[in-house]
There are 2 protein chains.
Amino acid sequence: MTTEAPDLHADPRRAALLDAAASLFFERGYAATSIDAIIERAGGSKRTIYAMFGSKEGLFEALIRENTERMFSAELFGGQARPLEAALSGFAVHLLDLFTRPRTIALFRLVVAEAGRMPELAESFHRLGPLRGRHWLARVLERAQTEGEIRVADPQLLAGQFLGLVRSDAYFEIVLGLRGPLEPGEIESMAEAAVSTFLEGQRPARRVNAPDEEI
Amino acid sequence: MTTEAPDLHADPRRAALLDAAASLFFERGYAATSIDAIIERAGGSKRTIYAMFGSKEGLFEALIRENTERMFSAELFGGQARPLEAALSGFAVHLLDLFTRPRTIALFRLVVAEAGRMPELAESFHRLGPLRGRHWLARVLERAQTEGEIRVADPQLLAGQFLGLVRSDAYFEIVLGLRGPLEPGEIESMAEAAVSTFLEGQRPARRVNAPDEEI
DNA sequence: CGTCTATGGTAATAGGTATTACCAAGTCAA
DNA sequence: TTGACTTGGTAATACCTATTACCATAGACG
């Protein structure tokens with residue numbers, strides 16, 4: 001009883017139930033996963049689930065929220081902010097690494113699948129997860145503007161552009177299960193390519209100097 | 001018996017079943033939709049469904065395939081290819097319009113939800129839908145390279161970058177149900193912004209001429 | 001006219017579902 | 001020891017599920 005968290009953490013029963021439920025929801029989806037199956041994997045009694053989470057949907061919501069918070073932990077979005085090129089590269093690598101992990105993909109699929117029927121769930125996933133990254137990025141872009149490295153009309157819109165550019169089409173394909181998670185080398189080259197296009201564009205005739213161009 | 005298509009088209013029973021099934025799957029998801037509910041909405045008998053599609057999954061696959069083909073009809077990806085800027089703008093507008101429609105979003109959610117359990121379904125959705133757009137775009141970029149408008153190392157990768165840039169973060173948010181479909185004005189300004197960043201980049205210090213810059 | 005096939009309607013099969021109830025066993029503090 | 005509580009285990013409730021079987025009708029085709 002030294003410094004006890006109010007609700008979560010350090011309840012092994014609760015953690016076991018959430019773990020079993022997460023792996024089942026991840027592999028079978030929400031509707032196809034039964035409370036019986038969760039109990040069969042975690043042990044214990046259904047009463048415990050209903051006492052702790054109220055309903056199947058309550059269990060699902062708690063699970064999505066806590067997994068989102070754990071996966072998108074704050075350290076990922078706190079790197080150096082200067083110089084801009086390095087900040088963007090580092091952010092892009094973190095983003096690709098995090099977003100393309102199998103567990104992150106499974107979580108995203110689950111949220112997308114139920115987004116039409118559980119709008120608050122999708123909202124909380126976005127707020128606790130991806131939105132934090134976009135806000136951090138927008139702040140970086142705003143600071144770069146005050147230092148004259150870039151001219152920004154709308155930092156949020158520009159941050160959204162950069163996010164899309166980094167994910168490119170590869171994220172789309174991974175979400176669809178058409179390719180497995182990315183190799184570290186792929187992540188780095190995709191991040192470099194995204195930063196380059198974002199800053200310099202693809203029309204070389206208008207570039208003054210193109211530093212590392214192959215002949 | 002003049003020019004009869006081999007399997008689909010012009011079978012009103014089949015069309016009614018697929019229509020009812022589509023709207024139910026779209027609003028409830030795959031697992032939560034029952035054959036009984038489909039029959040209740042479309043009329044007829046369950047035997048007919050099993051005679052025509054073999055199983056619930058067969059019905060689902062046929063429905064996804066045919067809806068994908070219809071929504072991503074070829075005309076959308078056949079516009080003018082020159083000048084490059086106009087081609088990219090037109091493509092971006094079409095892409096945003098198509099991808100953010102409620103029916104396209106519902107279809108995508110369904111495919112993503114089952115991508116882990118029905119990989120061939122996701123593959124066929126991608127091949128019959130989004131992939132066609134990327135191939136068209138890659139060809140446009142390749143042609144622009146031969147005309148000297150752009151320098152392209154890997155047309156497919158660059159096409160993927162452009163697709164991500166156009167979708168930006170807005171598509172992500174629409175898929176999550178956080179904002180409704182885009183207004184035509186939004187679509188056009190997002191498309192313009194994407195083309196500009198793609199071609200010119202965001203570092204004005206290195207640009208030689210920036211045509212329409214506000215003071 | 002008689003088949004043949006496709007369909008609608010109903011019911012059977014063989015389960016599975018979320019949720020609540022009930023009861024025995026354990027846990028903890030006073 | 002007493003009481004308050006949280007659990008595990010089992011069973012009941014009141015359905016819903018995909019799939020197959022059966023039968024009567026209806027239209028098509030020779």
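A, B, ... follow the sequence lines: proteins, then strands. Residue 1 opens every chain. Heavy atoms only: backbone and side chains are in, while hydrogens, waters and symmetry mates are out.
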Under 3.5 Å donor-acceptor, A/N67 side chain and A/L63 backbone: yes
Results of salt bridge (charged side-chain N to carboxylate O under 4.0 Å, His left out) for A/R28 - residues two or more places apart only: none
Out of C/dG8, C/dT19, D/dT7, whichever nucleotide has its closest atom nearest the side chain of A/Y50: C/dT19
A/F60 side chain near A/L110 side chain, heavy-atom distance below 4.5 Å: yes
Listed once per pair and sorted, the salt bridge (charged side-chain N to carboxylate O under 4.0 Å, His left out) pairs that draw on residues 159-175 of chain B, sequence neighbours left out: A/R134-B/D169, A/R134-B/E173, A/R167-B/D169, A/D169-B/R167, B/E173-B/R179
Salt bridge (charged side-chain N to carboxylate O under 4.0 Å, His left out) involving B/E123 - partner list, sequence neighbours excluded: B/R127
Interface with DNA chain C, restricted to residues 17-25 of chain B and to heavy atoms under 4.0 Å: none
Side chain proximity check, A/R109 to A/E114, heavy atoms < 4.5 angstrom: no
Pairs where residues 45-60 of chain A contributes a residue and the test side-chain hydrogen bond (donor to acceptor under 3.5 Å, both in side chains) is met, not counting sequence neighbours: A/D36-A/K46
For nucleotides 9-14 of chain C, which of its nitrogen or oxygen atoms have a protein nitrogen or oxygen under 3.5 Å away, and what is each distance?
from, atom 1, to, atom 2, distance (Å)
C/dG9, N7, B/S45, OG, 3.3

Given DNA chain C, 5'-ward residue of the pair A/I35 and B/R13, judged by closest heavy atom: B/R13
Exercise: identify the closest heavy-atom pair between A/L107 and A/T68: CD2-OG1, 3.6 Å
